[in-house]
Every structure is written in structure tokens, then in C-alpha cells.
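On a predicted model such as this, the values are computed, not experimentally measured, just so you know. Numbers restart at 1 for each chain; the letters A, B, ... are given by sequence-line order, proteins then strands.
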Amino acid sequence: MAQKPSIPKGTRDFTPQEVTKRNYVFNIIKKHFEIFGFQPIETPSFENSDTLIGKYGDEGDRLIFKILNSGDYLNKVDEHTYNAKDVSTMTPKISEKALRYDLTVPFARYVVMHQNEINFPFKRYQMQPVWRADRPQKGRFREFYQCDADVVGADSLLQEVEFIQLYDAVFAELGLEGVNIKLNNRKVLAGIAEVIGAEDLLIDFTVALDKLDKIGAEDVKKEMTAKGISTDSIAKLEPLFTLSGTNSEQLSVLKNMLSSSKEGSKGVEELEFIIETVKKLGTLSAKLSIDVTLARGLNYYTGSIIEVAAPENVDMGSIGGGGRYDNLTGIFGLNGVSGVGISFGLDRVYLVLEELGLFPETINQTLQVLCLNFGEKEAFAALTLTTSLRKFGIKADLYPSDAKIQKQFKYANNRNVPYVILIGGKELEDNIFVVKNMETGEQITYAMSNTEVFVQKFKREIGF
RNA sequence: GUGGUUGUAGCUCAGCUGGUUAGAGCGCUUGAUUGUGGUUCAAGAGGUCGCCGGUUCGAAACCGGUCUUCCACCCCA
């Protein structure tokens, strides 16, 4: 009995068309990573559990895919643990490895392990899949690609400036207009918490604030109250709920509000420096805006927090994010090394481009010339021609069997091939070949002895 | 992890309060067309109705479980 095949929830197969489009995005991101001077590394798909567990908070731990030990792993569990049936004590005994949850923590591990051979400041990029045991939704998968660029060993805020330029360069080349690069700073958030007297509740406070867009000021206040933030404290937040206007208008409100907090003032200064410097270096095609409600990744970000929102006309969360973590490698024993980085969510960028129809029309021209097959002798001549076209870098192929011409044409149509070449008995005899333009239907005859005439015309028309 | 939602031909979907042989469009195959695709016409192939169980004389339809899809939480790219 044949079993009905399936793939795990939240995973996907990719068709040739999809892979082609994914590679298009992938290559543009990669190109700009390299233009900005980043070097590639790769790390294993799975890490030792203790490298990952505890680095993303309780919620993160829940979403890490654990790998069961090999062998007779249950036998090695002591009776007490076994009978207790408690996940948190049992898991470490039967699982010592886990799938990569993001690229940042493995990178921190990499830096610590290779600290003696790394030439600091180290700018690395990494484009690999990560796995999360999350419940899938649109734009949310259990296996997806992240494309990260990070710098370690550089404290300067100029890094942040460059990352904003990098985001902008990628989205500009992808033709994606209307993205919003949102900027915040943990010091600002900490400053606010300090000013309202809720330092201890920083995380709860920011998580609630993060929802302002979504659930509105009233519900945010309710959530804050539920988390134990006093009514007095919440009242002091009032300026934030109505914060709007240009970046400089927002900065001056924040400056005022945080004047009594040293840390908060520092954060405002940093925001101001980044925004001013980006402005001086030239215009961005994306929007760059301050957003004090932005609070992702707070478990390790210590300074800048960056998040990229998809254009407003598409329903997609963030398509990228990043920030600065002053002491990320500290958790692996290397202190005093600052890191800052950004990430592109490849799968989400893909979905946005698809929804807006922004992939180039020619992207699925995976074959540029198809030679039809009229029989054994003709096919040999056609393969000879195909071989020389390939040497010119043209994506060329010969139909593998002498099927009905109608069928071969249909195949060419479906493959989106712009040119079909016919070498039948007549052409073989006269030492010529006929090129049919599939769009216009025009047919031109060329001499076999001079394929370059066709190649030149082809290159002019296709443009490469 | 909580609550909801979806699943019928390769694809998109109809299928009435349970009733005989489960349909359409597109796609596919063949022919009109033995060297010319997209258009047209004709014919044809293709279905464990997601899976398992239950109710019933009778289930694609009702009930339970399970898997999957999408959505809202949680959290996140």
C-alpha cells in the first residue's frame, strides 16, 4: 500500500520558478552584503542544546526544535527523572542537540571559538535556514531563511548608519518602494522606564508599548496595569501615546521627557546622531523613522533597535530587524566585544515582492534558446549549434526526442523560451538554421558557418 | 501552547435540509494539422470526497478524533 506523502507543518517544497525567484532575492542581498565589505561564514544546522537554550527567553526555549539523542536514550534516564514526567528536567537528558533558532547566537558562539584567528572588527554575513517550532501563519514558517550581516568589535554608531544604508540599497535594487526602516534605542526605553519609576518592569512595559499600533492606547494601558505598572507611572507616559510628527519633532519631545535620565538622554543622542548622519550622506529611497514603541529582541539588544516594516499596502509584519548588543559574546565568556547587525527575512521579502508583482518579467526565462529535434541527424547538427551557443553564455538546450513539432513548440511555450531554432532536413542540407522569435513569430535564417551573427543579434535583443 | 477556520480532479472551486452513476472552468492527452506554439473545434483520460472511527437503510454532507491550511492570541523574520 503506497503511503500518501506529506511534508511537516510549516515547511515547503519550492518549484523551479520559486527557487529562481528566491535566488534572485538572495543574490541581491548577498551582493550588497559584499559591497559593504562583509565576509561569509556558515555554521551547523544544529548546535549543542546549551548553546541555544536560555538565550531567547522562555518563549524562545519553547520554540527551539530539540533533537532526540541517538541510541537507547531512555535507558540512560534515571528512574526518578523518568517517573517525574517533567519536561524541563527530562528534556536535557534525552536531547543534547537542537536546530538553529537564529543566526545571531551561533555567530556569537563562532566569534568566541575563533577569537584568535578573527581580524577585528569582523564584518560577517550569513544566509542560512533557521527553524522554529511555531504555529505557522501567513509569512510565518517553521523553516525559513535569515540573511544576517553583523559587525563585532566596533562601537561606533557609524555601523548603524551603514546598516541603514545597506537596508536601503537592497530594497532599492529590489524595486520595493515604501518600506519603513524603524529605529529605536533600548536606552530610550530604559530611560522612560526610569522616569516613570518602572525600571524593574522594563520588559513588560516595552512589550505592552510595542502593541500600541495594534491595540490602541487604552488596551496598552490596561495591559500595563495588569503587569503591575502604577496608574501614576502610566499617566507619565501620556506624551508617548500621542507622539507623532517628524523625527526631529519626536526627538525634542523625547529629549524633554528624558532630561532627568542620564541613560535616556544618551539614547536620544544616539538616535539623533544616526538620523542626522544618514541624512548628511544622501537621500534614502526608504523611509527612516523613529518609533519608540519598537521593542523586539530586547533580550539581547542594548542600544539601537532596528526593524523594517513592509510597505503599508501589503499585509505582512516585519521583513527584517536588527540592533546592537554590547556584550553578546559575554554569554560565551568573551567580554567587552560589541556587536551590531541586521537581518533580512528572505521568505517574507519574497512574499512581499510576489504580492506587489515586483519580480522582473524575464526571471523565469530559465532557457533562452530551444533547438527543436527533427530526427537523429538533424539533432546532431542542433546539438553542435547548442554547444557553441552555450559557449557564448546563452542558456540553450536541445529537445531530447524527435516528438511531434507541435508538442515541442508547446514545451517551448511553457518554458517561456524567447527563441526556438529549427534545423530540419532542408536546413541540414543547406547548412543553415532558422530562428523563430516566439513573441513576434518572425523567422530569420542564418548560416551554420556563422553563428556569431545570430549571437550578436541575440545579445542586442536580450541585452547582456 | 490557547481559541477558531479550511480540506472535493494536476490547479481554482460548485455540490441544496443526508438519497442512485460526485460536477464546472482551466490544465493534460489525442485528433482536425506527417515542418510551426499561443487562438479555435471535437473526443478522451483523470477522484481512497485529507485520514481513522461513529450515527444511518443510505454519508462528500451529520458527530468524534487526527493531520493539514489559514486567522486571532503568545511570540516573531
Side-chain angles (χ1 to χ4, degrees), chain A residues 1-12 15 25 29 56-64 87 100-104 127-148 167 203 206-208 210-211 214-215 219 223 294-299 306-310 315-323 341-352 370 372-375 378 399 402-428 433-443:
Chain A
M1 194 62 176
Q3 78 175 100
K4 192 170 188 173
S6 65
I7 55 174
K9 187 198 294 197
T11 66
R12 298 150 296 160
T15 63
V25 178
I29 294 172
Y56 310 100
D58 291 345
E59 196 59 33
D61 286 353
R62 203 193 83 211
L63 299 176
I64 292 173
V87 177
R100 182 169 57 212
Y101 176 88
D102 74 354
L103 300 178
T104 306
M127 308 171 79
Q128 291 188 275
V130 301
W131 294 269
R132 293 183 189 179
D134 206 352
R135 194 173 285 205
Q137 286 179 33
K138 186 176 187 177
R140 197 168 215 199
F141 308 100
R142 301 180 109 182
E143 176 182 62
F144 61 97
Y145 266 77
Q146 287 193 333
C147 310
D148 276 32
Y167 263 138
I203 300 282
T206 50
V207 165
D210 197 338
K211 294 176 187 164
K214 214 168 175 179
I215 63 177
D219 285 344
E223 183 166 333
L294 181 58
R296 302 299 168 84
L298 215 62
N299 279 312
I306 307 169
E307 184 166 296
V308 183
D315 181 27
M316 182 67 63
S318 69
I319 55 177
I342 59 169
S343 177
F344 289 83
L346 178 74
D347 304 78
R348 288 194 177 174
V349 172
Y350 175 100
L351 287 171
V352 170
L370 179 72
L372 300 196
N373 189 325
F374 284 83
E378 294 90 340
Y399 196 88
D402 60 344
K404 288 182 66 168
I405 294 310
Q406 201 177 175
K407 187 178 169 139
Q408 297 191 41
F409 263 109
K410 212 162 196 175
Y411 175 82
N413 246 3
N414 292 340
R415 282 286 309 262
N416 214 1
V417 180
Y419 295 98
V420 165
I421 288 181
L422 298 95
I423 303 174
K426 271 188 306 204
E427 288 79 10
L428 191 60
F433 62 93
V434 172
V435 178
K436 174 163 181 157
N437 180 320
M438 291 297 278
E439 203 183 324
T440 62
E442 177 194 36
Q443 299 197 163

Enquirer: Please report the distance separating the C1' of B:U21 from the corresponding atom of B:C49, rounded so that it comes out in whole Å.
Expert: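 Their C1' atoms lie roughly 15 Å apart.
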Enquirer: Just verifying a value: how many Å separate A:D402 CG and A:K407 NZ, rounded to the nearest 0.5 Å?
Expert: 12.0 Å
Enquirer: Using whole Å, report how far CD1 of A:I203 lies from P of B:C74.
Expert: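 These atoms are roughly 16 Å apart.
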Enquirer: Measure the distance from CG on A:D58 to P on B:C75 and round it to the nearest whole Å.
Expert: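 Distance, rounded to whole Å: 12 Å.
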Enquirer: Write down the distance between CZ (A:R100) and P (B:A77), rounded to a whole number of angstrom.
Expert: 15 Å
Enquirer: Between B:U30 and B:C70, how far apart are the C1' atoms? Round to whole Å, please.
Expert: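 B:C70 and B:U30 have their C1' atoms separated by 40 Å.
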Enquirer: Say you pick atom P in B:G23 and the same atom in B:G47; how far apart are they, in whole Å?
Expert: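 The answer is 14 Å between these two P atoms.
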Enquirer: Whole-Å distance between B:C76 P and A:F144 CZ?
Expert: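 Answer to the nearest Å: 12 Å.
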Enquirer: Check whether the ring centres of A:Y145 and A:F344 lie less than 6.0 Å apart, and answer yes or no.
Expert: no
Enquirer: Distance between the P atoms of B:U12 and B:A59, in whole angstroms?
Expert: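 Each nucleotide's P atom is 29 Å from the other's.
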Enquirer: Evaluate whether atom CG of A:D219 has more than 12 neighbouring non-hydrogen atoms of other residues, nucleotides or ligands under 6.0 angstrom away.
Expert: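 Yes, enclosed.
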Enquirer: What integer distance in Å separates A:R12:CZ from B:A77:P?
Expert: 16 Å
Enquirer: I'd like the P distance from B:U17 over to B:U6, given in whole Å.
Expert: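 About 16 Å, rounded to a whole number of Å.
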Enquirer: Rounded off to whole Å, could you give me the CG-to-C1' distance for the A:D219 and B:A72 pair?
Expert: 14 Å
Enquirer: For a quick check, with a 4.0 angstrom heavy-atom cut-off, what is the B/S/- contact string for nucleotides 27-40 of chain B, read 5' to 3'?
Expert: -S--S-B-BBBB--
Enquirer: Within the structure shown, what part of the strands sits under 4.0 Å from A:Q137 by heavy-atom distance: base, sugar-phosphate, or nothing?
Expert: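 Base, at least one base atom sits under 4.0 Å.
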Enquirer: Taking the P atom of each, how far is B:C62 from B:G15, in whole Å?
Expert: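 B:C62 and B:G15 have their P atoms separated by 12 Å.
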Enquirer: How far does the P atom of B:A32 sit from the matching atom of B:G38, given to the nearest Å?
Expert: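 Taking atom P in both B:A32 and B:G38, they lie 14 Å apart.
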Enquirer: RNA chain B: A:S318 or A:P136, which has the more 5' nearest nucleotide?
Expert: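 The residue closer to the strand's 5' end, by nearest nucleotide, is A:P136.
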Enquirer: Work out how far the C1' atom of B:A14 is from that of B:U33, and round it to whole angstrom.
Expert: 36 Å
Enquirer: Just need the stems in RNA chain B: three or more back-to-back Watson-Crick or G-U pairs, each with both distances under 3.5 angstrom, sorted by first number.
Expert: B:1-4 with B:70-73, B:10-13 with B:23-26, B:28-32 with B:40-44, B:50-54 with B:62-66
Enquirer: A:P136 and A:G10: which non-hydrogen atoms are nearest, and at how many Å?
Expert: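 Shortest heavy-atom contact: CG-CA, 3.7 Å.
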Enquirer: Can you tell me if the side-chain N/O atoms of A:K211 get under 4.0 Å from OP1 or OP2 in B:C75?
Expert: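 Yes, within the criterion.
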Enquirer: Looking at A:Y101, does the NZ or CZ of A:R132 lie under 6.0 angstrom from its six-membered ring centre and within 45 degrees of the ring axis?
Expert: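 Judged by the rule, A:R132 and A:Y101 form a cation-pi pair.
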Enquirer: Measure from CG on A:D61 to C1' on B:C76 and round the result to the nearest Å.
Expert: 15 Å
Enquirer: Give the minimum heavy-atom separation between A:V352 and A:M316, together with the two atoms involved.
Expert: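 Here A:V352 and A:M316 meet closest at CG2-CG, 3.9 Å.
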Enquirer: Reading RNA chain B from 5' onward, which residue's closest nucleotide shows up sooner: A:R62 or A:V207?
Expert: A:R62
Enquirer: Answer with base, sugar-phosphate or nothing: what part of the nucleic acid does A:F141 contact at a heavy-atom distance below 4.0 Å?
Expert: base
Enquirer: Taking all non-hydrogen atoms of both residues, which atom of A:E427 and which atom of A:V434 are closest, and how far apart?
Expert: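 Smallest interatomic distance, heavy atoms only, reads OE2-CG2, 3.6 Å.
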Enquirer: For A:G322, which contact category applies under a 4.0 Å heavy-atom criterion: base, sugar-phosphate, or nothing?
Expert: nothing
Enquirer: So, are A:D347 and A:R140 salt-bridged, with charged N and O less than 4.0 Å apart?
Expert: no
Enquirer: Salt-bridge test for A:K436 and A:E442: reply yes if a basic N is under 4.0 Å from a carboxylate O, no otherwise.
Expert: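 Salt bridge absent between A:K436 and A:E442.
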Enquirer: Under 4.5 Å between any side-chain heavy atoms of A:Q146 and A:Q128, yes or no?
Expert: no
Enquirer: Which is true for A:G60 with a 4.0 Å heavy-atom rule: it touches a base, it touches only sugar-phosphate, or it touches nothing?
Expert: nothing
Enquirer: So, do A:F409 and A:L372 sit near enough that their side-chain heavy atoms are less than 4.5 Å apart?
Expert: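 Side-chain contact under 4.5 Å: yes.
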Enquirer: Would you mind reading off the distance between A:D210 atom CG and B:C75 atom P, rounded to a whole angstrom?
Expert: 9 Å
Enquirer: Do A:R135 and B:U2 share a donor-acceptor pair, side chain to base, under 3.5 Å?
Expert: yes
